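Just so you know, these numbers come straight off a predicted model, no measurement behind them. Chain letters run A, B, ... following the sequence lines, proteins first and then strands; every chain starts at 1.
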2 protein chains.
Amino acid sequence: METDEVLARLRSAGRKVTEQRRVIIEALSRFGSPVTARRIHREASKAMPGISHDTVYRNLEMLCKTGTVVQIRAKGASLFELPEGHHHHMVCVKCSKVLCVECCPLSFEEKMLARQHGFRVLGHHLEFYGLCPACNDTG
Amino acid sequence: METDEVLARLRSAGRKVTEQRRVIIEALSRFGSPVTARRIHREASKAMPGISHDTVYRNLEMLCKTGTVVQIRAKGASLFELPEGHHHHMVCVKCSKVLCVECCPLSFEEKMLARQHGFRVLGHHLEFYGLCPACNDTG
DNA sequence: AAGTATTTTAGGAATATTACTATTTGGAGG
DNA sequence: CCTCCAAATAGTAATATTCCTAAAATACTT
């Protein structure tokens, strides 16, 4: 997704387009793969020295809630990405490698849940965990 | 699940049954619903003063990896539970209420993934997020 | 262009979580 | 019961994440 598209989404969701948000999103789009909040903050600091880590966290959280950014809960720190299309991840419990997975069988379930529980489902968080090929071989 | 069953699982998985683990699992089973690591630590400290929080975290993580304990990634802190049967959760993004969901359509996908990517899937982590009935009504 | 209501931010404090290491301990084998 | 080794623990240091508040910025209205 392009930076401008993300900003447009913000606007249409009634949120303000601040310089910080622009910088964070541009930093994020510069990485092609999932990165830590710390690295996003470092990258954003190049364009805007002094931007606070709290701002980075707060905005990443907001973008996750609106479904624009995806958070991967890894061991030492969460990873974030600007996804191309809806997909999920497999995380190796040994080496923490992250693989992308295209399939997603959940849209039907979401509608079911909404009906059954009166819960308004905004999205879901799905990760598979296990052993990647390399770690599986080495024991 | 009973405490003894969890300990038996540990044994058969080749892990040691320590007094700390017994205490942690008993603490966990005393709560009927998901609780924070902090509360588990406090509860465990009653039976074993001086038990370190690191031990609690380390063991909760281990139990999660073996599928015995379930971790719910909530806002300020993760929640843990000894689940009755395989199920998932819906977390309200506004009030953080947690609802249990029985359905799980993923066993088939796990096998697919294993074949396609050579990834040995040990489990998955699935959470729906959105607005609970109360928060949905109040806007 | 200026005024205003609301959202957002910086900065630092408070929590939550993980990493590291010397020491201890569970349990297998004798 | 005693010895040994791998696994586990306590304690502490280091990170990661969230909370809190006064001040600043955005978008809207005039």
### Task
Name all residues meeting the salt bridge (charged side-chain N to carboxylate O under 4.0 Å, His left out) criterion together with B:Glu127; count only those two or more places apart in sequence or in a different chain, and write none if there are none.
none

### Query
If you fit an axis to the five pairs at each end of the helix from C:dA1-D:dT30 to C:dG30-D:dC1, how big is the angle between those two axes, to 10 degrees?
40°

### Query
Mapping A:Gly50 and A:Met62 to their closest nucleotides on DNA chain C, which lands nearer the 5' end?
A:Met62

## Note on the structure
For B:Lys111, the side chain to side chain donor-acceptor pair (under 3.5 Å) test, sequence neighbours excluded, returns none

### Task
Whole angstrom is fine here: how far is it from CG in A:Leu10 over to P in C:dT7?
15 Å

### Query
Tell me: CG of A:Leu60 to P of C:dT9, nearest whole Å?
11 Å

### Message
Just the rounded figure in Å: distance from C1' of C:dT9 to NE2 of A:His41.
### Response
12 Å

## Note on the structure
Expected string for nucleotides 13-21 of chain C under the B/S/- scheme (protein heavy atoms, under 4.0 Å, primed atoms plus P, OP1, OP2 as sugar-phosphate) is --SSBBBB-

### Summary
Across all chains, not counting sequence neighbours, the salt bridge (charged side-chain N to carboxylate O under 4.0 Å, His left out) partners of A:Glu5 are none

Show me the donor-acceptor pairs within less than 3.5 Å that the side chains of residues 37-44 of chain A make with the rest of the protein, sequence neighbours left out.
| unit_1 | atom_1 | unit_2 | atom_2 | d |
| --- | --- | --- | --- | --- |
| A:His41 | NE2 | A:Ile51 | O | 2.7 |
| A:Glu43 | OE1 | A:Lys46 | NZ | 3.2 |
| A:Glu43 | OE2 | A:Arg30 | NH1 | 2.4 |

### Query
Should B:Gln20 be listed as having a side-chain N or O under 4.0 Å from OP1 or OP2 of D:dA10?
yes

#### Entry: Nearest-Å distance for atom pair CG/P, residues B:Asn59 and C:dG26
14 Å

Could you give the side-chain donor-acceptor pairs of residues 67-75 of chain A under 3.5 Å, partners two or more places apart or in another chain?
| unit_1 | atom_1 | unit_2 | atom_2 | d |
| --- | --- | --- | --- | --- |
| A:Thr68 | OG1 | A:Arg9 | NH1 | 3.3 |
| A:Thr68 | OG1 | A:Thr66 | OG1 | 3.3 |
| A:Gln71 | NE2 | A:Ser78 | OG | 3.0 |

### Task
Tell me, please, which residues at least two apart from A:Arg22 pass salt bridge (charged side-chain N to carboxylate O under 4.0 Å, His left out).
A:Glu19

### Message
Across nucleotides 25-30 of chain D, 5' to 3', mark each nucleotide with B, S or - according to how protein heavy atoms within less than 4.0 Å reach it.
### Response
BBS---

### Message
Between P on D:dT15 and CZ on A:Arg42, what's the gap in Å once rounded to a whole number?
### Response
11 Å

#### Entry: side chain to side chain contact (heavy atoms under 4.5 Å, CB included) partners for A:Cys104, two or more places apart
A:His86, A:His88, A:Leu106, A:His124

### Message
Using the side chain to side chain donor-acceptor pair (under 3.5 Å) criterion, which residues pair with B:Lys97? Sequence neighbours excluded.
### Response
none

### Query
Excluding sequence neighbours, so at least two apart, what forms salt bridge (charged side-chain N to carboxylate O under 4.0 Å, His left out) with A:Arg58?
A:Asp54

### Query
Is the side chain of A:Ser45 donor-acceptor paired with the backbone N or O of A:Met48 at a distance under 3.5 Å, no angle test?
no

### Message
Donor-acceptor check, side chain of B:His117 to backbone of B:Arg115, threshold 3.5 angstrom: yes or no?
### Response
no

